[in-house]
Amino acid sequence: MNLMAEILIQVVIAFLAGSLLLGLHRKIMARVQKRPGPPIVQHLIHSLKFFFKETAIPKTVSKVFYIGIVFILALIWVVGVIAGPVAHDSLLILFGVYAVYKIVEHNSGSSSGSPYGKLSCVRAVLSAATELPLFAAIVFVYLVTGSMNIGEIIAYQSAHGPLVFTVPLAALMFFMLIITKSPYSPFAITKDKVLISGFETEHFGFLRGFMHFSEAIAWYVLLWVFLTIFFGPLNAVGYLIGMIAITFITAFINATTPLLSPNHSVMTQITIGAICFFGTVLMIFTGVVA
Amino acid sequence: MLDYMIYILTFAVGSILGLLYSYKQHGEPFVAVTDFNVPFAAVSTVGWVLGFNSGNVILSAIGFLLAGFVMGERPGYGRKESAVGLIIGIIVYVLLKGNGMM
């Protein structure tokens, strides 16, 4: 198939699947909290709705930056789709995508000129603590498989079994990132409700639509990468079940856990990351990991 | 991948149509419906069975559209019907796979 068509199809799948999974996430959280909750398709409808809403631009914004940043946000997650599901390329590109995403989150808040956005921008710097466990997880995957290439990691797993059984603590570190990125997460300090909607507060209309579009793709890409590098070669049904299962688990965690304060959030992430890191190092040196 | 995109697209469209339809039928504030709607259960069952087992892109797409229509109804409606349809769809899939027909 033509590469451009393949990219387009995968981006549409990522957007639709990500939106439905985020809708499911909200639904499960609501059911855990004994509320009826919105329909599963609600996140998708919201995303589409924003594209047709009036776009107001506040006077305090840095205009070019404020508008450009949402396109960059959408673009980096499209790059995530290309590097992951389409090309099965290097994990380092996906790490780079996540690092740039953090910078975009930061700049989106600062460009708005709003105190809520600016505070969220400061917290985005703190929340970069999640990148340390992510990087450590990628390093362990490299040490075991000898490759950063997703295609080669899949081939390794088809020969030696899923990596989640070989380096479970590295998988846990990656799962921490997924919890952090999930909506209403205990670690979502950039979108704390005292900051209204955090770095998204001052983005309206189609600009917010692009942000919703990016969120949906980001959720799909993160789940896809996690399932691919830790659960071996999967078919479409395997991905579907895996993505729904992770969405269930994160929704349960988020529905029953209060939002942590920024310092507690960072310390918890770094502590869990450090325990998993040294645990995996110990497993490698004691020969548990071949 | 084009077939998966068609399936997910038809499921989403079906869900939106189901939501619009059920809000038109039931305008009242939220009620946890306990009745079992047999026609919708039949639509859901046909949808999930076709979606999982037809082996044809067009029929599967129609199946997911029907399944999405029932599953996408407004909160409180279509839950049991979707569950019944989904379970029957999975049972048929397992039986067909067990008999080597898929």
Side-chain angles (χ1 to χ4, degrees), chain A residues 1-24 26-31 33-49 81-82 84-88 212-213 216-217 220 224 234-241 243-244, chain B residues 1-26 28-34 44 48 51-53 55 57 60-61 64-65 67-83 86 89-90 92-94 96-97 102:
Chain A
M1 189 186 284
N2 183 310
L3 181 64
M4 287 308 288
E6 175 79 14
I7 292 170
L8 187 67
I9 288 168
Q10 291 275 14
V11 168
V12 172
I13 289 176
F15 171 56
L16 291 174
S19 296
L20 291 174
L21 286 168
L22 288 176
L24 180 67
R26 273 185 76 180
K27 186 76 179 175
I28 295 161
M29 280 187 66
R31 299 306 297 162
Q33 294 166 347
K34 295 190 173 174
R35 295 181 285 116
I40 290 171
V41 78
Q42 194 65 49
H43 192 278
L44 177 66
I45 294 174
H46 264 153
S47 307
L48 298 177
K49 178 190 77 178
V81 173
I82 296 169
V86 175
H88 288 191
H212 274 239
F213 170 80
I217 294 184
Y220 176 86
W224 186 90
L234 293 169
N235 56 16
V237 177
Y239 278 115
L240 182 67
I241 293 171
M243 286 180 179
I244 290 175
Chain B
M1 292 304 285
L2 183 65
D3 46 351
Y4 294 123
M5 189 191 81
I6 292 170
Y7 299 155
I8 199 163
L9 200 60
T10 50
F11 182 81
V13 169
S15 296
I16 293 170
L17 292 176
L19 190 66
L20 292 172
Y21 176 78
S22 68
Y23 266 113
K24 200 165 261 183
Q25 295 293 104
H26 313 282
E28 69 280 359
F30 174 74
V31 276
V33 182
T34 50
S44 176
W48 287 113
F52 285 145
N53 308 296
V57 176
S60 288
F64 283 119
L65 184 88
F69 188 85
V70 179
M71 201 173 178
E73 281 190 280
R74 63 169 289 197
Y77 294 89
R79 291 175 298 169
K80 292 175 190 168
E81 294 82 356
S82 284
L86 188 57
I90 292 171
V92 172
Y93 176 81
V94 172
L96 288 176
K97 201 163 190 183
M102 282 195 72

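Every chain is numbered from 1, with letters handed out A, B, ... down the list of sequences.
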Euclidean distance, B/Leu9 CG relative to A/Ile13 CD1, rounded to 0.5 Å: 10.0 Å
CD-CG distance between A/Gln10 and B/Leu2, expressed to the nearest 0.5 angstrom: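 Those atoms lie 11.0 Å apart.
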Please look at [X] and chain B and tell me whether the side chain, the backbone, both or neither of the residue comes under 4.5 angstrom of a heavy atom of that chain.
| X | value |
| --- | --- |
| A/Pro85 | neither |
| A/Leu20 | side chain |
| A/Arg35 | neither |

Considering all heavy atoms, the nearest B/Ala12-A/Val41 contact: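 The answer is O-CG2, 4.1 Å.
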So, do [X] and [Y] sit near enough that their side-chain heavy atoms are less than 4.5 Å apart?
| X | Y | value |
| --- | --- | --- |
| A/Ile45 | B/Leu19 | yes |
| A/Lys27 | B/Pro75 | yes |
| A/Pro39 | B/Ser15 | no |
| A/Ile9 | B/Tyr4 | no |

Which bit of B/Tyr7 comes within less than 4.5 Å of chain A, counting heavy atoms only: side chain, backbone, both or neither?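 Nothing of B/Tyr7, per the 4.5 Å heavy-atom cut-off to chain A.
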